[in-house]
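Ligands are counted one by one from 1 in listed order, and the atoms in each one are counted from 1 as well. For reference, positions follow the sequence shown, starting with 1.
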Amino acid sequence: MAALEQLTAYEEDAVRAIAAASDAAAIELVRIEFLGKKRGRLKDLQALLGQVSAEDRPVLGKRFNDVKSRVEQACADRQTALSKPARSIAGIDVTLPGSPLRLGRIHPLTQTIDEFREIMGQLGFTSADGPEIEDEFHNFEALNIPQDHPARDPLENFYLAAAAAAHGPRLLRSQTSTVQIRVMEQRPPPVRIVSIGRVYRPDDVDATHSCMFHQMEGLMVDRHVTMADLKTVLRLFATAYLGADVHVRFRPSFFPFTEPSVEVDMRWQDRWLELGGAGMVDPNVLRAVGYDPDEVTGFAFGLGVERFCMRRHGVDDIRRFYENDVRFLRQF
Ligand code: PHE
(Lines give C-alpha, C1' and ligand atoms only; values in the text may rest on other atoms or scores of the structure.)
Protein backbone atom coordinates (compact mmCIF):
# COMPACT_ATOMS: atom_id res chain seq x y z
CA MET A 1 0.00 0.00 0.00
CA ALA A 2 1.58 3.22 -1.20
CA ALA A 3 0.21 5.27 1.70
CA LEU A 4 1.88 3.04 4.26
CA GLU A 5 5.21 3.31 2.52
CA GLN A 6 4.89 7.05 2.41
CA LEU A 7 4.28 7.13 6.14
CA THR A 8 7.37 5.02 6.74
CA ALA A 9 9.45 7.25 4.49
CA TYR A 10 8.10 10.31 6.30
CA GLU A 11 9.07 8.92 9.70
CA GLU A 12 12.57 7.97 8.54
CA ASP A 13 13.14 11.41 7.04
CA ALA A 14 11.86 13.12 10.16
CA VAL A 15 14.02 11.07 12.52
CA ARG A 16 17.11 11.79 10.45
CA ALA A 17 16.37 15.53 10.25
CA ILE A 18 15.66 15.76 13.97
CA ALA A 19 18.95 14.06 14.81
CA ALA A 20 20.82 16.35 12.44
CA ALA A 21 19.40 19.58 13.88
CA SER A 22 22.22 21.07 15.91
CA ASP A 23 20.67 24.10 17.52
CA ALA A 24 17.36 25.54 18.64
CA ALA A 25 16.75 27.38 15.35
CA ALA A 26 17.45 24.26 13.27
CA ILE A 27 15.10 22.04 15.26
CA GLU A 28 12.38 24.66 14.91
CA LEU A 29 12.75 24.54 11.13
CA VAL A 30 12.55 20.74 11.23
CA ARG A 31 9.43 20.95 13.36
CA ILE A 32 7.75 23.28 10.88
CA GLU A 33 8.74 21.06 7.96
CA PHE A 34 7.47 17.82 9.42
CA LEU A 35 4.75 18.80 11.88
CA GLY A 36 3.69 22.30 10.80
CA LYS A 37 -0.06 22.83 10.84
CA LYS A 38 -0.21 24.85 7.62
CA ARG A 39 2.17 23.38 5.10
CA GLY A 40 3.98 20.60 6.93
CA ARG A 41 4.54 17.24 5.35
CA LEU A 42 2.15 15.70 7.79
CA LYS A 43 -0.65 17.66 6.17
CA ASP A 44 0.02 16.01 2.82
CA LEU A 45 -0.14 12.59 4.46
CA GLN A 46 -3.37 13.47 6.13
CA ALA A 47 -4.83 14.22 2.71
CA LEU A 48 -3.86 10.67 1.66
CA LEU A 49 -6.00 9.25 4.44
CA GLY A 50 -9.08 10.68 2.78
CA GLN A 51 -8.29 8.84 -0.42
CA VAL A 52 -7.98 5.26 0.86
CA SER A 53 -10.82 2.77 0.91
CA ALA A 54 -13.08 2.53 3.95
CA GLU A 55 -11.62 -0.95 4.51
CA ASP A 56 -8.00 0.22 4.73
CA ARG A 57 -8.75 3.38 6.64
CA PRO A 58 -8.64 2.03 10.24
CA VAL A 59 -5.22 0.39 9.73
CA LEU A 60 -3.81 3.43 8.04
CA GLY A 61 -5.39 5.80 10.54
CA LYS A 62 -3.79 4.02 13.45
CA ARG A 63 -0.44 3.96 11.75
CA PHE A 64 -0.73 7.66 10.97
CA ASN A 65 -1.40 8.49 14.60
CA ASP A 66 1.50 6.35 15.81
CA VAL A 67 3.94 7.94 13.41
CA LYS A 68 2.70 11.41 14.26
CA SER A 69 3.08 10.98 18.00
CA ARG A 70 6.55 9.41 17.65
CA VAL A 71 7.78 12.28 15.49
CA GLU A 72 6.26 14.85 17.85
CA GLN A 73 7.93 13.17 20.79
CA ALA A 74 11.32 12.95 19.07
CA CYS A 75 11.08 16.58 18.07
CA ALA A 76 10.16 17.70 21.58
CA ASP A 77 12.98 15.63 23.11
CA ARG A 78 15.50 17.16 20.76
CA GLN A 79 14.21 20.64 21.53
CA THR A 80 14.66 20.03 25.23
CA ALA A 81 18.15 18.65 24.73
CA LEU A 82 19.20 21.59 22.56
CA SER A 83 17.79 24.20 24.94
CA LYS A 84 20.11 23.02 27.76
CA PRO A 85 23.19 25.22 28.24
CA ALA A 86 26.41 23.87 26.87
CA ARG A 87 28.16 21.49 29.26
CA SER A 88 31.54 22.62 28.34
CA ILE A 89 32.81 26.14 27.78
CA ALA A 90 36.45 26.61 26.81
CA GLY A 91 37.14 23.04 27.91
CA ILE A 92 35.59 23.47 31.35
CA ASP A 93 32.58 21.36 32.28
CA VAL A 94 30.37 24.09 33.67
CA THR A 95 27.72 21.63 34.84
CA LEU A 96 29.97 20.06 37.47
CA PRO A 97 28.94 20.98 41.02
CA GLY A 98 31.18 23.56 42.71
CA SER A 99 33.22 22.83 45.81
CA PRO A 100 30.93 23.30 48.80
CA LEU A 101 31.63 26.36 50.93
CA ARG A 102 32.53 25.50 54.48
CA LEU A 103 30.74 27.87 56.81
CA GLY A 104 32.67 29.29 59.72
CA ARG A 105 31.52 28.75 63.27
CA ILE A 106 31.58 30.74 66.46
CA HIS A 107 34.57 29.70 68.55
CA PRO A 108 33.58 27.46 71.47
CA LEU A 109 34.96 29.97 73.98
CA THR A 110 33.01 32.80 72.38
CA GLN A 111 29.89 30.64 72.50
CA THR A 112 30.55 30.02 76.19
CA ILE A 113 31.11 33.71 76.88
CA ASP A 114 27.91 34.66 75.05
CA GLU A 115 25.99 32.12 77.09
CA PHE A 116 27.53 33.34 80.36
CA ARG A 117 26.46 36.90 79.55
CA GLU A 118 22.99 35.69 78.68
CA ILE A 119 22.58 33.75 81.94
CA MET A 120 23.99 36.53 84.10
CA GLY A 121 21.84 39.03 82.21
CA GLN A 122 18.77 37.11 83.30
CA LEU A 123 19.98 37.51 86.89
CA GLY A 124 20.19 41.27 86.39
CA PHE A 125 23.93 41.59 85.77
CA THR A 126 24.98 43.88 82.96
CA SER A 127 28.22 43.48 81.06
CA ALA A 128 31.22 45.72 81.67
CA ASP A 129 34.66 45.89 80.05
CA GLY A 130 38.11 47.03 81.01
CA PRO A 131 41.51 47.29 79.33
CA GLU A 132 43.85 44.32 79.05
CA ILE A 133 46.87 46.57 79.58
CA GLU A 134 46.62 47.79 83.14
CA ASP A 135 48.40 49.99 85.62
CA GLU A 136 49.46 48.76 89.04
CA PHE A 137 46.77 50.76 90.77
CA HIS A 138 43.89 48.87 89.15
CA ASN A 139 45.58 45.47 89.02
CA PHE A 140 46.94 45.60 92.59
CA GLU A 141 46.72 48.65 94.83
CA ALA A 142 43.02 49.37 94.67
CA LEU A 143 42.47 45.65 95.16
CA ASN A 144 44.26 45.84 98.48
CA ILE A 145 47.32 43.96 97.16
CA PRO A 146 50.31 45.61 98.85
CA GLN A 147 53.67 46.30 97.26
CA ASP A 148 55.37 43.33 98.91
CA HIS A 149 52.67 40.79 98.00
CA PRO A 150 54.06 37.83 96.01
CA ALA A 151 51.35 38.29 93.34
CA ARG A 152 53.16 41.50 92.33
CA ASP A 153 56.45 39.76 91.64
CA PRO A 154 57.56 40.74 88.12
CA LEU A 155 58.19 37.05 87.45
CA GLU A 156 54.50 36.36 88.12
CA ASN A 157 53.31 38.99 85.67
CA PHE A 158 53.77 40.25 82.15
CA TYR A 159 55.16 43.74 82.63
CA LEU A 160 55.48 45.79 79.45
CA ALA A 161 58.96 47.30 79.23
CA ALA A 162 58.04 49.53 76.29
CA ALA A 163 55.14 51.20 78.11
CA ALA A 164 57.06 51.81 81.32
CA ALA A 165 59.27 54.61 80.00
CA ALA A 166 56.35 56.69 78.77
CA HIS A 167 53.57 55.86 81.24
CA GLY A 168 55.08 54.22 84.31
CA PRO A 169 54.70 50.50 85.04
CA ARG A 170 52.13 48.72 82.88
CA LEU A 171 51.26 45.05 82.75
CA LEU A 172 48.88 42.66 81.03
CA ARG A 173 46.15 42.29 83.63
CA SER A 174 46.48 39.11 85.65
CA GLN A 175 42.83 39.07 86.69
CA THR A 176 39.52 40.61 85.68
CA SER A 177 39.07 41.97 89.21
CA THR A 178 40.56 45.17 87.76
CA VAL A 179 37.16 45.84 86.23
CA GLN A 180 35.51 45.87 89.68
CA ILE A 181 37.60 48.90 90.47
CA ARG A 182 37.05 50.60 87.12
CA VAL A 183 33.28 50.20 87.37
CA MET A 184 33.02 51.38 90.99
CA GLU A 185 35.23 54.36 90.27
CA GLN A 186 32.76 55.46 87.69
CA ARG A 187 29.36 54.92 89.26
CA PRO A 188 27.75 54.97 92.65
CA PRO A 189 26.16 51.86 94.16
CA PRO A 190 24.12 49.77 93.52
CA VAL A 191 26.30 47.84 91.08
CA ARG A 192 25.57 44.52 89.47
CA ILE A 193 27.99 43.65 86.67
CA VAL A 194 29.92 40.85 85.06
CA SER A 195 33.06 41.35 83.05
CA ILE A 196 34.34 38.58 80.83
CA GLY A 197 37.73 38.78 79.18
CA ARG A 198 41.33 37.68 78.83
CA VAL A 199 43.88 37.56 81.62
CA TYR A 200 47.59 36.83 81.39
CA ARG A 201 49.96 34.93 83.66
CA PRO A 202 53.40 33.54 82.88
CA ASP A 203 52.42 29.97 83.80
CA ASP A 204 54.08 26.95 82.24
CA VAL A 205 51.74 25.86 79.51
CA ASP A 206 50.24 22.37 79.87
CA ALA A 207 46.89 20.62 79.45
CA THR A 208 45.24 22.75 82.13
CA HIS A 209 47.36 25.94 82.08
CA SER A 210 47.78 28.62 79.50
CA CYS A 211 49.56 31.97 79.82
CA MET A 212 46.38 33.58 78.52
CA PHE A 213 42.89 32.48 79.53
CA HIS A 214 39.48 33.98 80.24
CA GLN A 215 37.74 34.89 83.44
CA MET A 216 34.25 36.00 84.30
CA GLU A 217 34.30 38.54 87.05
CA GLY A 218 31.08 39.23 88.92
CA LEU A 219 30.40 42.12 91.27
CA MET A 220 27.28 42.99 93.20
CA VAL A 221 27.25 45.90 95.64
CA ASP A 222 24.13 47.15 97.36
CA ARG A 223 22.60 47.49 100.79
CA HIS A 224 22.45 44.21 102.70
CA VAL A 225 24.24 42.01 100.17
CA THR A 226 25.40 38.84 101.94
CA MET A 227 27.24 35.62 101.23
CA ALA A 228 23.87 33.93 100.87
CA ASP A 229 23.31 36.10 97.79
CA LEU A 230 26.72 35.09 96.45
CA LYS A 231 25.96 31.42 96.89
CA THR A 232 22.52 31.74 95.33
CA VAL A 233 23.81 33.60 92.29
CA LEU A 234 26.60 31.07 91.73
CA ARG A 235 24.26 28.15 92.13
CA LEU A 236 21.71 29.63 89.73
CA PHE A 237 24.48 30.35 87.26
CA ALA A 238 25.95 26.85 87.47
CA THR A 239 22.54 25.25 87.13
CA ALA A 240 21.68 27.38 84.12
CA TYR A 241 24.95 26.55 82.35
CA LEU A 242 25.21 22.86 83.11
CA GLY A 243 21.52 22.16 83.29
CA ALA A 244 21.88 19.81 86.23
CA ASP A 245 21.04 19.86 89.87
CA VAL A 246 24.44 21.14 90.96
CA HIS A 247 25.75 21.72 94.46
CA VAL A 248 27.95 24.71 95.17
CA ARG A 249 30.59 24.34 97.88
CA PHE A 250 32.62 27.11 99.55
CA ARG A 251 36.06 26.39 100.99
CA PRO A 252 37.80 29.01 103.13
CA SER A 253 40.51 30.85 101.26
CA PHE A 254 42.26 34.19 101.06
CA PHE A 255 42.22 37.05 98.58
CA PRO A 256 43.44 40.51 99.57
CA PHE A 257 40.35 42.14 98.09
CA THR A 258 37.66 39.99 99.72
CA GLU A 259 36.95 39.20 103.34
CA PRO A 260 35.86 36.52 104.00
CA SER A 261 37.22 34.77 100.92
CA VAL A 262 36.30 31.40 99.51
CA GLU A 263 37.24 28.96 96.78
CA VAL A 264 34.12 27.86 95.00
CA ASP A 265 33.60 24.27 93.85
CA MET A 266 30.69 22.76 92.10
CA ARG A 267 29.54 19.16 92.29
CA TRP A 268 28.73 17.95 88.81
CA GLN A 269 28.54 14.43 87.46
CA ASP A 270 30.04 12.94 90.64
CA ARG A 271 33.08 15.22 90.70
CA TRP A 272 34.01 18.49 92.36
CA LEU A 273 34.85 21.12 89.79
CA GLU A 274 36.85 24.15 90.89
CA LEU A 275 35.11 27.25 89.64
CA GLY A 276 37.35 30.01 90.99
CA GLY A 277 37.55 32.47 93.82
CA ALA A 278 34.94 34.64 95.51
CA GLY A 279 34.11 36.51 98.67
CA MET A 280 32.66 39.62 100.25
CA VAL A 281 34.28 42.78 98.90
CA ASP A 282 36.86 43.99 101.44
CA PRO A 283 35.90 47.31 103.10
CA ASN A 284 39.29 48.68 102.06
CA VAL A 285 38.38 48.14 98.43
CA LEU A 286 35.03 49.88 98.87
CA ARG A 287 36.77 52.80 100.55
CA ALA A 288 39.41 53.02 97.78
CA VAL A 289 36.66 53.78 95.25
CA GLY A 290 34.77 56.15 97.50
CA TYR A 291 32.00 53.78 98.64
CA ASP A 292 30.95 53.75 102.27
CA PRO A 293 31.36 50.22 103.73
CA ASP A 294 28.90 51.11 106.49
CA GLU A 295 26.23 51.80 103.87
CA VAL A 296 26.80 49.05 101.33
CA THR A 297 28.27 45.58 101.15
CA GLY A 298 29.03 43.43 98.17
CA PHE A 299 30.26 40.15 96.83
CA ALA A 300 32.67 39.42 94.00
CA PHE A 301 33.67 36.28 92.16
CA GLY A 302 36.13 35.33 89.44
CA LEU A 303 35.51 32.15 87.45
CA GLY A 304 37.65 30.44 84.81
CA VAL A 305 35.75 30.34 81.51
CA GLU A 306 37.81 27.61 79.81
CA ARG A 307 37.24 25.26 82.68
CA PHE A 308 33.46 25.35 82.28
CA CYS A 309 33.69 24.93 78.53
CA MET A 310 36.11 22.01 78.89
CA ARG A 311 33.87 20.25 81.36
CA ARG A 312 30.73 20.70 79.38
CA HIS A 313 32.22 19.49 76.10
CA GLY A 314 34.69 16.95 77.45
CA VAL A 315 37.73 18.83 76.12
CA ASP A 316 40.82 17.42 77.81
CA ASP A 317 43.45 20.00 76.83
CA ILE A 318 43.12 23.78 77.17
CA ARG A 319 45.56 24.31 74.28
CA ARG A 320 42.95 23.05 71.80
CA PHE A 321 41.12 26.36 72.20
CA TYR A 322 44.04 28.40 70.91
CA GLU A 323 45.52 26.22 68.18
CA ASN A 324 42.91 27.13 65.57
CA ASP A 325 42.75 23.58 64.25
CA VAL A 326 39.54 23.56 62.23
CA ARG A 327 39.09 19.82 62.81
CA PHE A 328 38.63 20.68 66.48
CA LEU A 329 36.66 23.91 66.00
CA ARG A 330 34.26 22.37 63.48
CA GLN A 331 32.81 20.16 66.21
CA PHE A 332 31.12 23.03 68.05
N1 PHE B 1 40.75 37.51 90.96
C2 PHE B 1 40.82 36.23 91.62
C3 PHE B 1 41.76 35.31 90.82
O4 PHE B 1 42.04 35.61 89.70
C5 PHE B 1 39.48 35.58 91.73
C6 PHE B 1 38.54 36.35 92.61
C7 PHE B 1 37.67 37.29 92.06
C8 PHE B 1 38.49 36.14 93.97
C9 PHE B 1 36.79 38.00 92.86
C10 PHE B 1 37.62 36.85 94.78
C11 PHE B 1 36.79 37.76 94.23
O12 PHE B 1 42.21 34.31 91.31
| field | Sidechain N-carboxylate O distance under 4.0 Å for D13, R41 | value | yes
| field | Close-contact set for ligand 1 against Q175 heavy atoms, below 4.0 Å | value | 1 (N), 2 (C), 4 (O)
| Close approach, S177 and ligand 1, non-hydrogen under 4.0 angstrom | yes
| said: Below a 4.0 angstrom heavy-atom separation, can you tell me which part of F257, side chain or backbone, both or neither, approaches ligand 1? | reply: side chain
| Does F125 have R192 sitting over its ring (NZ/CZ under 6.0 Å from centre, angle to axis within 45°)? | yes
| request: State whether a side-chain donor-acceptor pair under 3.5 Å links T112 with R312. | output: no
| request: Taking atom types as modelled, find out whether Y10 and E5 have a side-chain donor-acceptor pair closer than 3.5 angstrom. | output: no
| task | Provide the number and element of each atom of ligand 1 under 4.0 Å from a heavy atom of G302. | result | 6 (C), 7 (C), 9 (C)
| Which of the atoms in ligand 1, numbered in the order shown and given with their element, are less than 4.0 Å from a heavy-atom of Q180? | 9 (C)
| note | atom 8 (C) of ligand 1: closest protein heavy atom, distance to 0.1 Å, is G277 C, 3.4 Å
| task | May I ask whether E263 has any heavy atom positioned less than 4.0 angstrom from an atom of ligand 1? | result | no
| query | Just wondering, are more than 12 heavy atoms of other shown residues or ligands nearer than 6.0 Å to CD1 in I133? | reply | no
| task | Provide the number and element of each atom of ligand 1 under 4.0 Å from a heavy atom of Q215. | result | 3 (C), 4 (O)
| said: Heavy atoms only: which of E217, R201, R173 lies closest to atom 4 (O) of ligand 1? | reply: R201
| task | Determine whether the side chains of D203 and S210 contain a donor N or O and an acceptor N or O closer than 3.5 Å. | result | no
| task | To the nearest 0.5 angstrom, please state how far the CG atom of D292 sits from the CG atom of L286. | result | 9.0 Å
| query | Heavy atom of F299 under 4.0 Å from ligand 1? | reply | no
| D204 atom CG, over 12 foreign heavy atoms within 6.0 Å | no
| query | Which ligand 1 atoms, with their elements, are less than 4.0 angstrom from a heavy-atom of A300? | reply | 9 (C), 11 (C)
